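Some notes on the structure that comes next.
Just so we're clear, the structure is a prediction, and the values are computed from it rather than from any experiment. Within every chain, numbering begins at 1; the chains are lettered A, B, ... in the order of the sequence lines, protein sequences first and strands thereafter.
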Amino acid sequence: MKYNSKKIEEKWSRKWFESDVYYAKDFDEREKRYVLVEFPYPSGSGLHIGHAFSFTGGDVYARFMRMSGFNVLFPMGWDAFGLPTENYAIKMKRKPQEITKENTEMFKAQMKNLGFSFDWTREINTTDPRYYKWTQWIFLKLFEKGLAYKDEKPINWCPSCKIGLANEEVIDGNCERCGEGTTRRNLSQWIVKITDYADRLVEGLEDTEFVEKVKAAQINWIDRKEWIDITYDIKGVNERVVVATTRPDTNFGATFVVLAPEHDLVQKILGGKIKVGEDIEKIRGYVKESLKKSELDRQKDVLGRKKTGVFTGLYALNPLTKEKMPIWIADFVLSTVGTGAVVGVPAHDVRDFEFAQQFGLSIKRVVEDDKGNRGEVGSIENVFVGEGVAMNSDFLDGLKTKEAIEKIMNYLEEKGWGTRSIRYHLRDWIFSRQHYWGEPIPMISCEKCGWVPVPEEELPVALPEVENYEPTDTGESPLAKIEDWVNIDCPKCKGKAKRETDTMPNWAGSDWYFIRYIDPENDKALADKGKMKYWLPVDVYLGGDEHNTLHLLYSRFIYQFLYDLGEVPTQEPYFKRISHGVILGSDSQRMSKSRGNVVVPEDITNKLGSDVARTYLMFMGPFDSTIAWNEKSLMGVKRFAQRVYRFVTENIDEFSTKDSELVEQKINEVVGDVTKSIENFRFNTPVARLMETLNLFESVKGGEISKETIKNFLKLLAPYMPFLTEELWSILGEEFSIHTKPWPEYKKQILKTESIEIPVQVNGKMRGKISVRPEITEEQLKKKIFADESMKKHVVGDVKKLIYVKGKIVNIVCN
RNA sequence: GCCGAGAUGGUGGAAUUGGCAGACACGCAGGACUUAAAAUCCUGUGCCCGCUAAGGGCGUGCGAGUUCGAUUCUCGCUCUCGGCACCA
């Protein structure tokens with residue numbers, strides 16, 4: 001019979017989704033497993049190969065767990081708010097709602113074609129008002145608990161998208177979405193205080209089984225450090241400057257102070273509040289120039305970049321050395337880091353050294369380096385930033401860096417010159433976007449009462465119908481133009497008030513979506529608490545490397561916050577996180593339209609079928625590595641599928657009731673290997689094992705294989721090739737569906753064989769094999785080896801030692 | 001610069017308590033079938049010497065070390081990829 005993938009796949013796809021084979025049952029007696037894959041943004045271009053890769057991995061695992069007897073929740077939904085849809089809507093003059101509907105329908109059809117075993121009764125969509133009602137509810141709770149506040153902040157502004165971006169959305173100074181350079185701009189923004197949870201977000205990782213690189217990425221991003229803020233008096237004026245440092249042990253080597261151009265003192269100088277001797281116009285010119293620079297320009301060529309700056313004419317007084325330190329303004333100091341002012345220790349900081357050299361400031365070594373150098377620091381190679389031993393530092397001399405830091409911190413605090421503080425690389429989260437296609441932030445600004453939350457019972461604040469979605473150049477959301485929506489009575493005082501017109505960032509809807517799958521129709525709560533207790537936490541979360549920091553951090557934060565409110569049952573949302581690699585184009589470059597190397601799943605499913613596409617994606621290489629697409633290798637999997645089909649259909653009447661020893665041993669071994677591999681998310685090797693098994697089947701007669709073994713073989717293959725195996729299962733006359741049948745069991749006891757082959761090494765080199773009974777003793781083995789001419793000739797000189805690892809290997813040591 | 005991962009045939013990759021390196025697949029070469037091509041099937045395929053043999057030598061990025069034995073463990077390098085970064 002000929003293998004017709006198209007016919008088979010259409011037939012079973014329909015049948016599966018008409019039945020309940022993939023339904024997850026709330027409160028079922030079986031042990032639960034919540035398998036989550038990142039839900040996609042339904043773009044107009046359809047399912048991407050990366051989606052197919054990720055979802056196939058999840059599907060193989062979910063199917064395996066289901067057959068292993070677990071009650072598996074494997075849901076899917078749509079993260080549908082976002083700029084591409086909005087931009088497309090503007091271009092086509094259509095409603096984003098309609099476009100989203102079309103796109104999700106297309107995605108869903110493609111997913112069904114690929115045979116993913118999602119439970120579609122739990123489908124969610126972040127743009128559905130019944131969903132975003134709860135996204136808005138979470139925001140109200142954040143506001144209520146003081147974790148959301150409004151503030152004027154310099155934000156990254158993309159002039160092309162006309163949108164404010166979080167630091168995380170700016171890649172190398174460019175907009176993450178459109179790639180254009182960003183600038184900075186002050187806007188009043190809603191900010192969420194994620195930093196309040198910084199320590200918890202680090203500590204919570206201990207309770208998870210995330211892979212090491214994900215944990216490291218999260219901890220790195222949060223990056224907690226202990227700082228001390230030191231206050232210096234300024235000579236001759238009644239002002240102070242506060243610098244922040246993590247290396248106060250080097251403070252005896254401080255020779256200057258640098259302010260960020262945005263610093264308050266700079267404003268005071270320019271405003272004439274502080275009189276300086278220097279040419280104020282020169283200072284003004286420098287500050288103006290640097291504020292104009294975008295983040296891109298300021299970060300360009302970071303290493304070895306020529307430092308710029310201007311002297312203020314002021315001096316800070318170092319209480320430790322009693323020396324005066326010139327105060328400079330330079331754009332290498334960032335206003336958003338520390339206090340926006342740093343103390344220059346050129347001998348022990350590369351940037352400070354560059355700056356000192358540029359402007360002829362003095363350089364003083366105060367740490368002996370790890371090679372014992374105590375001399376002058378004359379070149380950049382000698383700048384020592386590591387930990388060493390303090391010198392030229394009065395009472396710190398001779399102390400190791402860590403001890404010196406502790407001692408000086410205590411000293412500065414006692415003297416009232418410094419204050420310790422904990423700071424993070426993680427910043428508070430800018431939560432406002434000036435766009436239409438997002439969740440409206442449910443807040444009302446009242447002339448009298450200030451910011452008033454929309455009452456819970458009035459949620460959702462639905463997106464109004466608009467004529468024009470175009471963002472404005474003023475930075476206002478397009479919603480601001482809809483007056484009858486914006487103007488509203490204050491819920492508190494009934495006076496005149498206006499709605500917030502900003503919408504939420506993309507992350508908002510995806511922070512908590514896994515909760516909603518548990519109870520998608522609930523209109524009283526995020527989800528029913530009993531159901532949450534049954535299903536949470538997510539047992540395995542599969543997704544791309546690109547979401548290992550931000551999405552994961554944001555959603556863990558929101559979940560921890562919900563835990564504090566008593567809304568969710570566990571401290572952490574995800575138990576395991578498995579991240580997969582990227583599929584590159586056949587040219588080993590990232591797939592992109594401009595490179596013309598994009599492969600979409602449909603290309604393959606149309607030509608070769610979904611079973612082949614799925615299996616090939618898994619067979620390509622390890623799930624977590626980055627692999628280039630290779631069109632040719634696909635054919636190997638196609639051949640395999642055909643051979644499986646042909647072998648089973650052609651031998652259907654031949655299969656016996658008992659395996660030959662060889663077949664029995666092989667299938668048992670493969671059951672063990674495949675099970676272990678899938679459990680550990682190594683999805684590539686089971687395919688190879690199953691190919692080996694088929695090779696063996698083909699080399700023996702059908703009569704040497706039992707029907708039971710064929711059935712087990714199909715079960716092992718079922719997670720990879722759900723359609724083909726279902727078809728063959730039915731051809732074998734078995735009852736629907738293979739995907740609900742129990743996974744084959746691995747028999748532990750080793751099969752007793754007449755003889756085994758033992759490799760023989762001489763001085764560690766393989767010289768041959770010898771066939772022996774398994775229970776042979778070392779003595780007998782030795783005799784047998786030396787009776788064998790072909791072995792004996794390799795043994796030269798005296799035999800010093802013979803090592804026999806029972807049943808595995810022999811090594812003869814001689815000289 | 002910091003953090004993380006990695007380096008195995010022509011290619012993707014196997015090999016986890018240290019024990020037969022190269023499973024499986026692609027590609028390539030030869031053959032069968034065919035008027036022919038495609039498809040399919042069979043055989044061979046790490047490199048070098050050797051007669052297309054027998055046989056031997058070399059071989060998991062480089063250099064040392066531990067061990068009877070190292071792709072695997074230790075130390076020191078080189079390079080590649082991913083993330084972060086004028087973070088003071």
Side-chain angles (χ1 to χ4, degrees), chain A residues 168 171-172 211-217 219-221 223 225 227 243-248 250 258 260 298-305 307 330-334 336-345 348-352 354-355 385 423-427 545-546 548-549 579 581-582 584 588 616 619-622 624-640 642-643 646 676 680 682 684-695 698 757-769 790 800-805 807-814:
Chain A
E168 295 85 303
I171 312 294
D172 293 333
V211 289
E212 211 41 51
K213 72 166 166 181
V214 178
K215 285 192 184 183
I219 292 168
N220 264 345
W221 186 267
D223 196 21
K225 274 189 193 142
W227 296 57
V243 301
T245 179
T246 57
R247 286 294 300 274
T250 61
V258 190
R298 272 175 84 163
Q299 288 176 2
K300 206 190 283 171
D301 304 326
V302 166
L303 291 171
R305 203 188 106 193
K307 294 282 182 286
D331 67 1
F332 81 88
V333 174
L334 305 176
T336 49
V337 178
T339 55
V342 297
V343 54
V345 185
H348 304 290
D349 183 285
V350 176
R351 296 151 304 176
D352 294 353
E354 285 167 350
F355 192 75
V385 298
R423 285 203 182 87
Y424 304 89
H425 170 252
L426 176 76
R427 302 291 149 73
D545 283 336
E546 68 274 21
N548 282 344
T549 39
S579 70
V582 185
L584 304 174
S588 294
Y616 177 63
F619 185 56
M620 278 169 69
D624 57 2
S625 67
T626 300
I627 313 160
W629 185 252
N630 184 345
E631 190 77 24
K632 282 180 175 167
S633 300
L634 258 169
M635 286 315 295
V637 178
K638 174 72 178 176
R639 284 181 201 129
F640 173 61
Q642 278 169 340
R643 279 164 54 208
R646 214 172 49 217
K676 217 160 81 190
N680 292 305
R682 291 196 304 259
N684 53 332
T685 48
V687 181
R689 301 259 83 154
L690 292 165
M691 285 173 170
E692 271 174 40
T693 312
L694 181 67
N695 289 347
E698 287 178 336
E757 285 221 309
I758 300 284
V760 181
Q761 293 182 333
V762 178
N763 287 336
K765 280 189 179 162
M766 256 292 294
R767 291 301 180 184
K769 286 176 189 178
S790 66
K800 280 187 178 167
K801 212 172 174 185
L802 184 144
I803 292 142
Y804 175 47
V805 184
K808 269 196 173 163
I809 202 163
V810 185
N811 192 13
I812 299 161
V813 189
C814 57

Practice task
Return the nearest nucleotide to the side chain of A/Ile627; candidates are B/rG12, B/rU40, B/rC87.
Solution key: B/rG12

Handout entry: Opposite nucleotide pairing with B/rG82, Watson-Crick or G-U, both atom distances under 3.5 Å
Key = B/rC3

Exercise for the section: Indicate whether OP1 or OP2 belonging to B/rA23 is found under 4.0 Å from a side-chain N or O atom of A/Asn695. Expected result: no

Handout entry: Per A/Pro759 side chain, nearest of listed nucleotides B/rC20, B/rA23, B/rC68
Key = B/rC20

Completion exercise
Given the 90°-from-0 boundary between syn and anti, B/rG9 should be labelled syn

Exercise for the section: Give a yes or no answer on whether the side chain of A/Asp349 reaches the backbone of A/Val345 with a donor-acceptor pair at less than 3.5 Å. Expected result: no

Problem - Candidate nucleotides B/rG57, B/rU40, B/rA23, ranked by approach to the side chain of A/Arg767 - the nearest - result: B/rG57

Practice task
Confirm from the modelled atom types if A/Lys213 and B/rC3 form a donor-acceptor pair under 3.5 Å, side chain to base only.
Solution key: no

Exercise for the section: Can you tell me, in whole Å, how much space there is between the P of B/rU52 and that of B/rC47? Expected result: 16 Å

Completion exercise
Winner on side-chain proximity to A/Trp221, out of B/rA88, B/rA85, B/rU40, is B/rA85

Completion exercise
Pairing partner of B/rC47, by Watson-Crick or G-U wobble and under 3.5 Å for both distances, is B/rG57

Handout entry: Under 3.5 Å donor-acceptor pair, A/Gln761 side-chain atoms to B/rG19 base atoms
Key = yes

Exercise for the section: Ignoring backbone atoms, establish whether A/Asn684 has a side-chain N or O less than 4.0 Å from OP1 or OP2 of B/rA14. Expected result: yes

Exercise for the section: Name the closest nucleotide to the A/Ile803 side chain, picking from B/rU40, B/rC84, B/rG19. Expected result: B/rG19

Handout entry: Salt-bridge criterion met for A/Glu354 and A/Arg351 (N-O under 4.0 Å)
Key = no

Handout entry: Nearest-neighbour nucleotide for the A/Asp331 side chain, B/rC86, B/rA15, B/rG13 considered
Key = B/rC86

Exercise for the section: Measure from the side chain of A/Glu692, starting at C-beta and using heavy atoms only, and say which of B/rA23, B/rG12, B/rA88 lies closest. Expected result: B/rA23

Exercise for the section: Under a 3.5 Å limit for both distances, which nucleotide forms a Watson-Crick or G-U wobble pair with B/rA15, could you say? Expected result: none

Completion exercise
Ranking B/rC86, B/rC41, B/rC24 by distance to the side chain of A/Arg643, first place goes to B/rC41

Completion exercise
Between CZ of A/Phe619 and P of B/rA14 the distance, given in whole Å, is 10 Å

Problem - Nearest to side-chain heavy atoms of A/Ala216, which nucleotide of B/rC86, B/rG19, B/rG4 - result: B/rG4

Exercise for the section: Would you kindly give the CG-to-P distance between A/Asp624 and B/rG4, to the nearest whole Å? Expected result: 17 Å

Exercise for the section: Starting from P on B/rA70, measure out to CE on A/Met766 and report it in whole angstrom. Expected result: 14 Å

Exercise for the section: Answer with yes or no whether A/Arg351 presents, from its side chain, a donor or acceptor under 3.5 Å of a partner atom in the base of B/rA88. Expected result: yes

Exercise for the section: Determine the interatomic distance between C1' on B/rG12 and the same-named atom on B/rG22; round to the nearest Å. Expected result: 13 Å

Exercise for the section: Can you tell me the pairing partner of B/rG10 across any strand shown, Watson-Crick or G-U wobble, with both distances under 3.5 angstrom? Expected result: B/rC26

Fill in the blank from the handout: Between CG of A/Asn548 and C1' of B/rC84 the distance, given in whole Å, is 13 Å

Problem - Residue matched to B/rU66 through Watson-Crick or wobble contacts both under 3.5 angstrom - result: none

Exercise for the section: Kindly say if A/Lys676 contacts the phosphate of B/rU16, meaning a side-chain N or O under 4.0 Å from OP1 or OP2. Expected result: no

Completion exercise
When rounded to whole Å, the CG to C1' distance for the pair A/Asn630 and B/rC26 reads 7 Å

Problem - A/Arg639 side-chain proximity, nearest of B/rA88, B/rU40, B/rA14 - result: B/rU40

